[in-house]
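Working notes, beginning with the structure itself.
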Amino acid sequence: MVDEWEKTKHTCLRLELSGADPIFIKGTWYHSHFDISITDGSSSWICNATEDEVAERASQWDQPVSEYLELAEQYLGFQQPNSVYAFSDALEGCKRLSWTFEKEGTKLEWRWKCKPSNDSKKITVGILDFLMEANIRLSEEVVNKTRSFEKMKSEAEKCLAQGEKICNEKTEFETETYAKFLSVLNAKKAKLRALRDKEDSVRAVEEEESTDKTESFDSGRSDNEQSEQEVSKKASSSKARGRKRAARS
């Protein structure tokens with residue numbers, strides 16, 4: 001019993017019909033059969049497909065029962081745009097529900113006979129209650145998803161703000177670090193420039209002193225050479241005079 005309940009599904013479709021008012025189809029789907037109830041607002045019909053009937057239909061279409069039920073649920077749970085639906089009169093107040101579909105390129109049609117309900121009011125109220133409950137559940141789901149979205153949006157905004165803060169702090173830190181680096185670099189450049197200027201000044205003084213010494217040395221050497229030349233001239237003159245005297249004698 002529990003297993004049967006766990007496999008039960010419920011659907012409700014507002015079916016638009018060509019040339020007729022829409023009808024509401026409520027389906028209850030089990031693992032081997034299904035029940036549907038239909039109302040147009042004033043009258044109602046039911047179709048309780050037994051396991052044997054479903055198995056026979058599935059066999060006629062060469063389908064497993066599960067596949068047959070899945071396809072029937074697909075077309076009676078949601079109106080398929082490419083399918084042609086009909087809800088036509090049958091004998092003894094019955095109705096025939098049909099819909100078309102394509103299989104391997106061939107257009108096929110399924111039909112199920114629906115009997116008049118003994119209590120149209122109960123069927124109609126049951127469908128309306130199901131729709132109201134489904135609407136409430138949908139509204140709650142929308143509210144919950146909206147709240148979840150707002151929460152995610154708020155968290156995203158916080159993360160974005162935190163990211164911008166971290167980015168700004170990073171930029172500020174890099175700017176300050178770069179400024180300090182430039183300051184230290186400029187200070188070192190200034191020291192190197194001062195040392196270079198000092199070395200150039202000392203080198204200039206040394207070169208000037210070396211030049212002065214060279215000039216003094218050259219001047220002294222010139223004076224000595226001049227004295228030696230004068231002494232040599234005097235000696236030559238004395239020798240010449242001596243020779244002249246000797247010749248006179």
Side-chain angles (χ1 to χ4, degrees), residues 1-90 93-103 107-145:
M1 190 70 169
V2 175
D3 184 61
E4 180 79 7
W5 174 256
E6 288 178 351
K7 293 183 178 181
T8 302
K9 296 181 182 179
H10 300 279
T11 60
C12 192
L13 167 66
R14 184 180 188 273
L15 182 62
E16 298 287 345
L17 297 171
S18 178
D21 294 332
I23 59 174
F24 290 87
I25 303 175
K26 179 179 178 293
T28 304
W29 307 91
Y30 305 93
H31 75 285
S32 59
H33 65 283
F34 67 91
D35 299 329
I36 60 174
S37 54
I38 303 172
T39 183
D40 59 3
S42 59
S43 301
S44 61
W45 299 264
I46 59 173
C47 175
N48 298 324
T50 64
E51 292 186 9
D52 292 339
E53 290 175 331
V54 172
E56 182 182 355
R57 294 290 184 95
S59 176
Q60 290 175 359
W61 294 99
D62 295 327
Q63 289 179 311
V65 171
S66 58
E67 184 179 331
Y68 183 91
L69 288 172
E70 182 180 354
L71 193 58
E73 179 186 348
Q74 178 183 344
Y75 278 80
L76 296 183
F78 302 93
Q79 185 163 0
Q80 304 299 318
N82 296 326
S83 178
V84 178
Y85 291 84
F87 192 58
S88 57
D89 294 331
C94 296
K95 290 282 189 177
R96 183 176 291 105
L97 177 65
S98 62
W99 63 95
T100 62
F101 65 97
E102 287 190 6
K103 182 178 181 181
K107 193 169 186 179
L108 305 174
E109 184 182 50
W110 282 359
R111 294 186 299 268
W112 280 91
K113 185 178 179 180
C114 303
K115 299 177 181 180
S117 171
N118 294 326
D119 192 345
S120 294
K121 183 179 178 180
K122 181 180 179 180
I123 296 295
T124 301
V125 170
I127 292 176
L128 291 176
D129 287 343
F130 180 85
L131 289 173
M132 289 181 64
E133 291 176 2
N135 185 59
I136 291 172
R137 288 194 301 269
L138 181 61
S139 298
E140 291 176 349
E141 185 177 354
V142 170
V143 171
N144 292 333
K145 286 188 176 181

Distance, nearest 0.5 Å, that separates CG of Leu17 from OG of Ser88: 10.0 Å
Side chains of Thr124 and Ser44, donor plus acceptor under 3.5 Å: no
Neighbour count >12 (heavy atoms, 6.0 Å) for atom CD, Glu70: no
Geometric class of the His10/Phe130 ring pair [parallel <30°, tilted 30-60°, perpendicular >60°]: tilted
Considering all heavy atoms, the nearest Ile38-Cys114 contact: CD1-SG, 3.7 Å
More than 12 heavy atoms of other groups within 6.0 Å of Asp129 CG: yes
Straight-line distance of Ser98 OG to Phe87 CZ, nearest 0.5 Å: 10.0 Å
Shortest non-hydrogen contact from Trp45 toward Gly93: NE1-O, 3.4 Å
Test log, rule side-chain contact (heavy atoms from CB on, under 4.5 Å), inputs Leu69 and Val54: CA-CA 8 Å; Leu69 288 172; Val54 172; 3.9 Å; yes
From CA spacing to verdict: side-chain contact (heavy atoms from CB on, under 4.5 Å), Asp35, Ile46: CA-CA 8 Å; Asp35 299 329; Ile46 59 173; over 6 Å; no
Heavy-atom side-chain proximity of Phe101 to Gln80 below 4.5 angstrom: no
Tyr85 and Tyr75 aromatic ring geometry - parallel, tilted or perpendicular at 30°/60° bounds: tilted
Whether over 12 other heavy atoms sit under 6.0 Å from Arg96 CZ: no
Validation row: Leu131, Arg14 side chains within 4.5 angstrom (heavy atoms): no
Trp99: which of Leu108, Val84, Leu76 passes side-chain contact (heavy atoms from CB on, under 4.5 Å): Leu76
Full working for side-chain contact (heavy atoms from CB on, under 4.5 Å) between Glu51 and Tyr30: CA-CA 10 Å; Glu51 292 186 9; Tyr30 305 93; over 6 Å; no
Distance (rounded to the nearest 0.5 Å) between Lys95 NZ and Asp89 CG: 3.5 Å
Parallel, tilted or perpendicular, as decided by the 30° and 60° cut-offs, for the rings of Trp110 and Trp61: tilted
Gap separating the CD atom of Glu73 from the CG atom of Leu13, nearest 0.5 angstrom: 12.0 Å
Gap between atom OG1 of Thr11 and atom CZ of Phe78 - 0.5 Å precision: 7.5 Å
Polar side chain donor-acceptor pair, Thr50 to Asn48, under 3.5 angstrom: no
Salt bridge present between Lys145 and Glu141 (N-O < 4.0 angstrom): yes
Ile123 vs Ile127, side-chain contact (heavy atoms from CB on, under 4.5 Å): CA-CA, chis, key distance, verdict: CA-CA 6 Å; Ile123 296 295; Ile127 292 176; 4.1 Å; yes
Exercise: identify the closest heavy-atom pair between Cys94 and Lys115: SG-CA, 4.1 Å
